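Given the structure is predicted, the values throughout are model-derived calculations rather than measurements.
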There are 2 protein chains.
Amino acid sequence: MTQDKTDKKDDFDLQEFLPYLLNRAAEESSLEFQQVYKDRYGMLRTEWRVLFHLGNYGEMTAKDIGERAKIHKTKVSRAVSKLEQRRYLTRTRSLSDRRVEELTLTTTGHAVYRDLRKVAEQYDAKLAGLFSQDESDLLRKMLWRLAHMS
Amino acid sequence: MTQDKTDKKDDFDLQEFLPYLLNRAAEESSLEFQQVYKDRYGMLRTEWRVLFHLGNYGEMTAKDIGERAKIHKTKVSRAVSKLEQRRYLTRTRSLSDRRVEELTLTTTGHAVYRDLRKVAEQYDAKLAGLFSQDESDLLRKMLWRLAHMS
DNA sequence: GCTTGTTAGTTACAAAATCAACTATTACTC
DNA sequence: GAGTAATAGTTGATTTTGTAACTAACAAGC
């Protein structure tokens, strides 16, 4: 009665469902690193991502970040405010278009970025270490593909 | 000035960072399916997961689900309440331990499960179709491994 | 140059997630 | 078997996210 016979093909298990697996793997793999930027700098994930974008790509606008990382503009806006409060970045109105704000990391912000980046690098190596070089290369390629489907 | 020379190894790109890639892929790959259970049944992700666990594994307790899916008990509790309100499941106090509730899908709940499961199956096939059979098999294996690190 | 439309970013309100404290029940220990 | 600890699940307060409406600036059409 609990599991009736109408389900012929019982070969489809939840544990195999890609979106589920992806979410579980994403959550699990984020946990440890999350602890670092949270405990060490009191940052939220979106804040960390914005910081990392600025550190990685240099001066950007909120819109650029939102597009590149697919983060909604309200989230970016709030993250930028918080990072500004903590003096990790500064905003300067663009002269050519005064709606736009150019965001730049401060010296402090850049130091935080470098510190977290080092941790990220090590942590990434640790994760990749679960697999062979070829495998982790392939994994990245596949994930990139999934992330850029639409 | 924007990107100074102190960063020797600039080979570590944010786009390569596994937790970032995983999160992006997870979000992207969940979107389309999310629309279905949201639009069609007004369900939230946790609710869908609880429903799917019950459909997939039969009778379970809230604790079982929480452990297996790594969902916090408050989230499970609220999801169960909502599913009960919508008459997708029923609770019965365990006779051996009256703290415990056995959760079972109703006929309606099971119908919803079967419908969504069919969609999930098709969607999974679509995602897997981005890769070769070997690749997607490997992908699942790697994701499972990442999801079960700790 | 004025109306209309679009864009960058913010703010306000509603929905959901997180965290801590709570109830009720069972298990452990002496 | 009384007292303490542990467990299943719920509830309430706080934080974070999501959605919509908003401001300010620019762009286009006429």
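- Against DNA chain C, the stretch residues 18-35 of chain A makes no heavy-atom approach under 4.0 Å.
- Taking the charged nitrogens against the carboxylate oxygens, A:D13 and B:R117 have no contact shorter than 4.0 Å, which rules out a salt bridge.
- Taking the six-membered ring for Trp, B:F17 and A:F33 have ring centres closer than 6.0 Å.
- Looking at A:Y41 and A:D115, their side chains do bring a donor and an acceptor atom within 3.5 Å of each other.
- Between A:E28 and A:R24 there is no salt bridge, since no side-chain N of the basic residue sits under 4.0 Å from a carboxylate O of the acidic one.
- The side-chain contact (heavy atoms from CB on, under 4.5 Å) check on A:S132 picks up A:D134, A:E135, with sequence neighbours excluded.
- Between the side chain of A:T106 and the backbone N or O of A:R87 there is at least one donor-acceptor pair closer than 3.5 Å.
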Q: Determine, for nucleotides 7-17 of chain D in 5'-to-3' order, which nucleotides have protein heavy atoms under 4.0 Å from the base (write B), from only the sugar-phosphate (write S), or from neither (write -).
A: BSBBBB---SS
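- Two residues are said to be in side-chain contact when any heavy atoms from C-beta on lie closer than 4.5 Å; A:L139 and B:L18 meet this criterion.
- Salt bridge status for B:K70 with A:E27: absent, with no side-chain N to carboxylate O gap under 4.0 Å.
- Scanning for side-chain contact (heavy atoms from CB on, under 4.5 Å) contacts around B:S81 gives B:R91, with sequence neighbours left out.
- Contact footprint of chain B on DNA chain C: nucleotides with an atom under 4.0 Å from a non-hydrogen protein atom, first to last in 5' to 3' order, C:dA16 to C:dT26.
- For residues 131-150 of chain A, every residue pair satisfying the ring-ring contact (aromatic ring centres under 6.0 Å, His included) rule, not counting sequence neighbours, is listed here: A:W144-A:H148.
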